[in-house]
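Below, chains carry the letters A, B, ... as their sequence lines are ordered, and counting in each starts from 1.
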Amino acid sequence: MAEPLLSVRDLVVEFPTRRGTLRALDRVSFDIAEGEVLGMVGESGAGKSITGAAIIGLIEPPGRIAGGEIRLRGERVDNLRPEAMRRIRGRRIGMVFQDPLTSLNPLYTVAEQITETIRTHLSVSEKEARERAIALLDQVGIPAARRRIDDYPHHFSGGMRQRVVIALALAAEPELVIADEPTTALDVSVQAQIIDVMKEICASRGAAVMLITHDMGVIAETADRVAVLYAGRLAEIGPVRDVVQAAEHPYTSGLMGSIPTLTQTADRLTQIPGAMPRLNAIPTGCAFNPRCPKVFDRCRTERPEPQPRPGGRQVACHLYSAEAAAGATHG
Amino acid sequence: MAEPLIEVEGLSRYFDISKPWLNRVLEREGKSWLTAVSDVSFTINRGETFALVGESGSGKSTIAKMIVGLLEPSAGEIRFDGRPMTGTSGATMRSLRRRFQMIFQDPFASLNPRWHVGDIIAEPMRTFGMARGGETRREVGRLLDLVGLSAADAGRFPHEFSGGQRQRIAIARALSSRPEFIVCDEPTSALDVSVQAQILNLMRDLQDEFDLTYLFISHDLSVVRHMANRIGVLYLGRLAEVADGKRLFTEPRHPYSRMLLDAVPDLEMSGRRRKRVEGEIPNPIDPPSGCTFHPRCPLANDRCKREEPRPMDSGTGGAVACFAVEEGRG
Ligand SMILES: Nc1ncnc2c1ncn2[C@@H]1O[C@H](COP(=O)(O)OP(=O)(O)OP(=O)(O)O)[C@@H](O)[C@H]1O
Ligand SMILES: Nc1ncnc2c1ncn2[C@@H]1O[C@H](COP(=O)(O)OP(=O)(O)OP(=O)(O)O)[C@@H](O)[C@H]1O
Ligand code: SF4
Ligand SMILES: [Mg+2]
Ligand SMILES: [Mg+2]
């Protein structure tokens with residue numbers, strides 16, 4: 001198999017606090033292949049953003065990577081000096097955040113911001129950079145890009161600004177784009193446009209995408225594979241169609257059943273009882289065990305490790321642990 | 001059988017967004033107005049859930065606030081159980097006020113952080129003189145129980161609860177004056193899907209138990225489909241379409257309704273291709289002429305640019321404001 005573009009192994013992120021150390025990510029492992037779109041889902045606080053922040057080296061101190069490693073094309077990037085990491089950010093890994101205003105500087109025109117990014121990372125002339133910027137804006141669907149490029153961010157609507165941010169993230173032709181809730185601040189009708197634009201343009205440039213979102217619908221349509229996080233641990237990862245249509249982890253099944261759809265006929269939505277534990281009160285054994293409809297003794301004492309499943313899927317649940325599968329008494 | 005509880009007729013709301021007087025004089029500008037809601041009419045029947053959907057800024061919350069009396073209408077009338085709510089005297093208004101409540105989008109901002117949960121829930125009861133002393137405490141315990149919390153939670157503060165639990169507290173509070181009608185403005189938008197399912201199920205159970213009537217506001221069409229008996233689709237402060245709940249999804253009539261439905265991501269992975277939505281919601285300060293949807297509408301013609309369409313009987317038990325539908329072009 002070809003070497004993955006990004007490889008995350010046993011990643012642990014901790015936040016020291018006065019009342020003890022909080023473990024926000026606990027031995028999370030996954031790969032992203034070249035040109036692939038990996039969706040990342042999970043409840044608020046599950047650790048999605050922290051995973052993205054760890055990859056681009058933006059965990060805010062005193063938070064720190066306390067274990068594991070992150071490799072970009074085989075090369076360790078979790079222990080780089082800030083200067084080296086800055087060169088990777090923007091150049092090799094682009095970022096799109098939820099709020100377009102935080103990524104754009106209100107004091108500079110769109111032209112200034114995009115050409116500056118291009119010239120910081122690529123050796124091209126001012127004129128060439130400007131032409132590239134116009135082409136990019138055009139590609140993300142800014143009408144009359146050549147005229148609008150000299151406008152300031154506040155002259156654009158929310159949807160247009162998010163397109164500008166995508167253009168900015170792609171300006172230096174990165175290999176990986178991390179998009180954290182890129183459409184949550186936008187309108188329903190505009191969300192679909194933005195996701196389409198992002199997917200198309202990344203595909204045309206061969207960039208891989210890590211797409212973080214609450215919205216399973218968006219993931220179902222956009223991602224090749226999806227990773228489900230629960231309380232800082234990976235519950236399930238696999239091809240998006242398999243995971244969405246035939247979830248194996250009890251948490252994923254609950255999550256899928258709780259989403260109302262446009263065609264379902266059931267009167268009541270499936271609901272998962274209770275709430276995700278706080279980081280300082282994660283139960284022993286499987287983190288999901290107090291809420292799990294299929295819980296059994298072993299779940300309360302031993303943490304389930306991700307098990308390879310058919311079709312390239314991995315599931316961290318004792319129902320699928322080797323011994324349980326051999327005994328085949330649950331399900 | 002359908003007995004109207006809320007009747008909204010010709011409701012409009014304008015906001016004065018002019019610059020300060022001196023600036024206007026210096027810059028020789030007139031007053032400027034934003035039309036948030038324009039000539040909206042609909043009826044909500046007793047025991048049903050009527051939903052309002054539409055993009056951000058389409059006027060959903062403004063309508064909700066006018067209905068519960070948090071905002072004066074600029075024009076039009078709202079009747080509750082046959083009685084006009086505008087221009088009603090204090091005493092009558094007070095007895096009406098007890099009969100409806102509101103639940104807001106943000107469970108973090110809508111509960112007073114310095115009050116015990118028990119006092120938050122009891123507040124509507126106290127305001128309307130409905131319970132005293134030990135009786136209040138018992139009633140609060142019963143309400144907490146009803147929404148899936150426990151009587152012991154009355155002594156805790158809002159910050160000790162998760163988002164979903166806080167929304168349950170807000171619901172318990174809304175129920176405490178035993179209202180008939182509850183306005184729910186995006187009650188689950190701030191919550192995770194798994195928590196959302198808990199709250200939506202709870203709201204439906206309570207509706208059955210207490211014969212509640214809901215005005216349910218959301219921009220999530222899948223949620224609305226799950227909850228609503230009838231749906232009003234708002235565009236730039238105007239009602240584009242009112243339709244029977246399930247019907248809107250099988251037979252959307254207004255081009256904007258169709259566009260909204262086409263934009264919903266497909267969780268079933270049926271292979272349906274989402275259509276790209278053209279354009280963005282225009283500026284409400286300077287709305288397009290004629291049908292305000294015409295710049296984004298695939299069926300627009302010259303008439304749509306000049307004249308404003310009125311809601312007409314859709315032939316499927318609802319109303320549609322669109323010339324293309326009226327002329328049989330859509
Ligand atoms: N600076 C910090 N100090 C302490 N804990 C933190 C800090 N930043 C994040 N956390 C904790 O780490 C956990 C994961 O946070 P993260 O932001 O990754 O969640 P998320 O999955 O992105 O959630 P959301 O959907 O709400 O964005 C949370 O429990 C959060 O409280
Ligand atoms: N107090 C106000 N002053 C000026 N303009 C206002 C005021 N309140 C609302 N508006 C404007 O009225 C329009 C309708 O706003 P409203 O809050 O009703 O929209 P909404 O449909 O609830 O949107 P959202 O989905 O974002 O909550 C918007 O253009 C808004 O900016
Ligand atoms: S390991 Fe046990 S508790 Fe955890 S998800 Fe699987 S069955 Fe449920
Ligand atoms: Mg996040
Ligand atoms: Mg609103």
Side-chain angles (χ1 to χ4, degrees), chain A residues 41-46 141 143 156-160 183-197 213-222 230 240-241 244-245 251 254-278 291, chain B residues 53-58 148 161-165 188-202 204-205 208 218-227 246 249-250 256 259-283 296:
Chain A
V41 299
E43 284 171 63
S44 183
F156 293 85
S157 72
M160 289 294 164
T183 58
T184 339
L186 302 175
D187 263 316
V188 246
S189 68
V190 184
Q191 280 179 11
Q193 296 175 337
I194 297 290
I195 292 287
D196 279 358
V197 162
T213 172
H214 279 103
D215 192 335
M216 277 307 306
V218 167
I219 295 276
E221 283 202 341
T222 313
Y230 184 80
V240 71
R241 184 171 282 270
V244 168
Q245 295 190 330
Y251 173 65
L255 200 60
M256 292 301 156
S258 64
I259 304 171
T261 69
L262 287 188
T263 53
Q264 81 181 8
T265 47
D267 243 20
R268 287 179 71 79
L269 299 165
T270 312
Q271 66 182 58
I272 312 176
M276 197 172 70
R278 295 191 180 180
R291 305 173 73 189
Chain B
V53 300
E55 287 165 282
S56 181
S58 57
F161 294 88
S162 71
Q165 290 171 326
T188 59
S189 314
L191 306 174
D192 281 314
V193 285
S194 64
V195 184
Q196 167 174 289
Q198 295 173 354
I199 297 294
L200 295 181
N201 284 340
L202 172 67
R204 283 183 66 149
D205 293 345
D208 292 345
S218 175
H219 61 261
D220 185 332
L221 285 168
S222 314
V223 167
V224 162
R225 180 179 173 279
H226 184 73
M227 295 296 285
K246 300 289 177 278
F249 295 90
T250 52
Y256 175 63
M259 184 168 112
L260 268 186
L261 282 175
D262 283 338
V264 177
D266 178 18
L267 190 60
E268 275 93 37
M269 310 183 93
S270 55
R272 171 173 67 92
R273 266 314 288 163
R274 256 187 303 119
K275 284 202 209 74
R276 259 209 207 174
V277 177
E278 299 303 326
E280 290 179 37
I281 199 161
N283 183 351
R296 298 169 79 186

Can you name the closest pair of heavy atoms from E43(A) and V195(B) and give their distance? OE1-CG2, 4.5 Å
Heavy-atom closest contact (R291(A) atom, S194(B) atom, distance): NH2-OG, 4.3 Å
Distance from R225(B) atom CZ to T261(A) atom OG1, nearest 0.5 Å? 6.0 Å
Nearest heavy-atom contact between L261(B) and L262(A) is CD2-CD1, 4.4 Å
Using a cut-off of under 4.5 Å for heavy-atom pairs, which of A275(A), G274(A), G141(A) has the most such pairs with chain B? G274(A)
Name the one of D220(B), L221(B), V224(B), V223(B) that satisfies side-chain contact (heavy atoms from CB on, under 4.5 Å) with P260(A)? V223(B)
Across all chains, not counting sequence neighbours, the salt bridge (charged side-chain N to carboxylate O under 4.0 Å, His left out) partners of R278(A) are none
Whether the side chain of D192(B) engages the backbone of S44(A) through a donor-acceptor N/O pair (distance < 3.5 Å, no angle test) should be reported. yes
Taking side chain as everything from C-beta outward and backbone as N, CA, C, O, which of these in M160(A) sits under 4.5 Å from a heavy atom of chain B? Side chain, backbone, both or neither. both
Indicate yes or no for a side-chain donor-acceptor contact from N201(B) to the backbone of L269(A) under 3.5 Å, with no hydrogens or angles considered. yes
Distance, nearest 0.5 Å, that separates CD of Q271(A) from CD of Q196(B): 12.0 Å
Residues at least two apart in sequence or cross-chain that pass side-chain contact (heavy atoms from CB on, under 4.5 Å) with T270(A), listed by chain then number, are none
Count the heavy-atom pairs under 4.5 Å between each of T250(B), D205(B), L191(B) and chain A, then report the option with the highest count. D205(B)
Contact part of Q165(B) toward chain A, heavy-atom cut-off under 4.5 Å: side chain, backbone, both or neither? neither
